[in-house]
Protein chains: 2
Amino acid sequence: MTIERIEAAAARLAGHVRETPLLSSPALDRIAGRRVLVKAECLQHTGSFKARGGWAAISALDPDVRARGVIAYSSGNHAQGVARAAAAHGCPAVIIMPSDAPATKIAGTRALGAEVVLYDRASGDRDALGAEIAGARGLTLVKPFDDAEVIAGQGTVGLEIGAQAGVTEADVLIPCGGGGLTAGVALALEARAPGLRVRPVEPEGFDDTARSLASGRIQANAARAGSLCDAILTPSPGEMTFPIMARLCGPGLVVSEEEALRAMDAAFQHLKIVLEPGGAVALAAALYRPDALAGDAVIAVASGGNVTRETFCMALDRAGETA
Amino acid sequence: MTIERIEAAAARLAGHVRETPLLSSPALDRIAGRRVLVKAECLQHTGSFKARGGWAAISALDPDVRARGVIAYSSGNHAQGVARAAAAHGCPAVIIMPSDAPATKIAGTRALGAEVVLYDRASGDRDALGAEIAGARGLTLVKPFDDAEVIAGQGTVGLEIGAQAGVTEADVLIPCGGGGLTAGVALALEARAPGLRVRPVEPEGFDDTARSLASGRIQANAARAGSLCDAILTPSPGEMTFPIMARLCGPGLVVSEEEALRAMDAAFQHLKIVLEPGGAVALAAALYRPDALAGDAVIAVASGGNVTRETFCMALDRAGETA
């Protein structure tokens with residue numbers, strides 16, 4: 001992985017994904033005790049940075065390969081990022097989703113033009129089903145994070161941060177699942193703004209990346225599910241993303257689910273943006289972990305793809321009770 | 001009022017207010033039956049375009065006059081816009097608010113550095129109180145809309161729309177209270193993009209501007225309060241704003257409170273932004289009044305300043321029930 005690959009992705013993405021704003025508010029600065037800059041990827045198409053990786057991967061395919069179509073496993077943001085990019089390229093897309101995925105997510109993915117194939121989470125074999133469909137139709141698998149073009153696409157967030165930040169020394173906090181965004185941003189900032197140090201942020205109980213960085217080798221989570229931060233629950237960092245993170249990132253940070261919900265409320269109140277719990281963990285660390293951070297400013301990437309009305313209002317309700 | 005005055009305001013605002021993005025979503029396009037472009041002024045500092053008018057007015061004052069301070073009457077967005085601009089200019093600001101204003105609005109205005117003076121809505125005389133304070137301290141009144149510099153400041157929204165829209169023929173829908181934003185945007189687009197026709201949007205029962213435009217003279221509302229769209233409830237269009245609107249605007253549009261709440265939910269779901277009811281009326285007209293609009297695209301200005309958790313979640317709940 002090189003900065004040139006991220007720059008090439010940025011050139012393909014230009015005009016097709018948004019350059020999202022870096023937002024701020026004096027109220028957030030007061031909570032955090034330092035200047036807080038929020039990279040509002042919730043304002044990206046499909047509501048999350050996954051639109052970048054999906055576009056980068058599909059636009060990089062050989063036209064003949066692309067014409068046969070792509071396949072992805074996802075019940076959330078990656079599904080929508082892949083579906084949107086595929087539709088714009090005239091490329092068939094099959095998304096494999098669990099049959100108990102929320103109806104809005106299934107409908108949202110279909111509305112973007114993808115064919116949704118459901119499997120039973122208890123009895124079905126997702127990988128076998130996907131492999132069978134991919135083989136029969138000649139589809140190309142688009143992985144959610146352990147893919148060079150996906151990492152390059154997410155890395156364009158880092159190019160933008162480097163150009164927008166206006167600060168040269170700060171921690172850059174990233175909501176971290178498999179590490180595609182974290183690794184991509186770290187690579188971009190290594191080249192463009194080396195004083196901006198990337199640090200992954202995860203929810204309690206799903207701190208595989210923090211533990212992997214601390215131990216120097218890939219660690220897994222005990223649990224596979226059970227957090228509202230569902231957008232960033234992955235078993236462990238990727239084979240491709242982990243070495244990049246190990247070379248470039250500072251120590252991982254961990255926040256509680258409750259803190260993620262409070263950060264959603266803070267973003268609602270003071271930035272007027274909609275985050276999902278998993279997309280709010282980096283802002284939560286920026287606001288509620290001041291002693292773990294260095295410098296006069298902190299940058300947090302925030303994302304909002306698939307939050308439901310119920311989860312959002314629960315976050316606001318709980319914050320109101322503790323205010 | 002001239003385009004030069006708006007351009008001069010834009011030069012003073014540069015670097016101090018945000019150029020807000022023009023957002024879109026295929027889902028909104030489907031609801032509306034045409035392309036919908038949303039000027040997201042909720043992402044402006046203080047959550048609304050009022051930050052522009054406040055800055056334009058205070059930055060235009062003679063330094064000696066400004067050093068004595070300013071005064072404004074407002075319980076909402078104008079208060080915060082004035083308070084923010086005053087603080088940045090080292091200018092004392094007194095904001096006269098009703099004593100029954102929500103505690104969060106009072107606290108928010110104080111947090112921006114303003115002195116809040118409360119009056120009793122039932123027994124107090126707001127104007128007499130303000131005149132007494134202003135006279136004793138030599139403060140300058142910053143009116144919320146009927147002021148040339150405020151109109152020029154809000155008009156910078158129109159300069160940005162003209163540069164961002166990428167369409168040459170469309171209705172531009174504006175949430176309309178006293179008409180400062182509507183008149184300012186209309187003046188800017190007259191000069192920069194004359195095929196973009198400005199139309200004010202108001203809530204049912206408070207359609208003073210629509211009736212004034214239809215009759216050719218200033219009309220008043222029967223009621224003074226009683227709508228969730230409190231951000232845009234004014235008795236009648238301004239003496240300065242109305243002639244501009246009468247010369248440049250298309251017919252006004254009226255939406256129900258329920259439609260404004262549904263538009264808040266649509267913006268939450270598909271754009272990941274937070275609107276307040278009064279700031280959502282133009283989007284509501286774009287989505288739910290297709291037969292009243294012309295062309296393949298519509299532009300709606302949206303704003304979010306002072307929405308509470310309770311109002312926001314009520315909007316989402318009601319939309320969920322009717323979905």
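Chain letters run A, B, ... following the sequence lines, proteins first, then strands; residues in each count from 1. The structure presented is a predicted model; accordingly, all values stated were derived computationally and were not measured.
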**Item:** A:Val274 side chain near B:Val274 side chain, heavy-atom distance below 4.5 Å
**Value:** yes
**Prompt:** B:Leu23, B:Asn306, B:Thr308, B:Thr46: which one forms the most heavy-atom pairs within less than 4.5 Å of chain A?
**Reply:** B:Leu23
**Prompt:** Would you say B:Asp100 has more than 12 foreign heavy atoms packed within less than 6.0 Å of its CG?
**Reply:** yes
**Asked** Quick one: which residues of residues 24-32 of chain A reach chain B at under 4.5 angstrom, heavy atoms only?
**Response** A:Ser24, A:Arg30
**Message:** Does any backbone or side-chain atom of A:Leu271 lie under 4.5 Å from a heavy atom of chain B? Answer side chain, backbone, both or neither.
**Reply:** backbone
**Request:** Might you work through the salt bridge (charged side-chain N to carboxylate O under 4.0 Å, His left out) test for A:Asp317 and B:Arg309, ending with a clear yes or no?
**Result:** CA-CA 8 Å; A:Asp317 283 349; B:Arg309 294 180 183 111; over 6 Å; no
**Asked** Of the non-hydrogen atoms in B:Lys272 and A:Leu43, which two are nearest, and what is the gap between them?
**Response** O-CD2, 4.0 Å
**Item:** B:Arg84, part contacting chain A, at a heavy-atom distance under 4.5 Å
**Value:** neither
**Prompt:** What part of A:Gln269 is in contact with chain B, defined as an atom under 4.5 angstrom from a non-hydrogen atom: side chain, backbone, both or neither?
**Reply:** side chain
**Item:** Nearest non-hydrogen partners of B:Val307 and A:Phe268, listed with the distance
**Value:** CG1-CZ, 4.1 Å
**Request:** Measure the shortest side-chain to side-chain distance between B:Leu316 and A:Glu310 over non-hydrogen atoms and say whether it is less than 4.5 angstrom.
**Result:** no
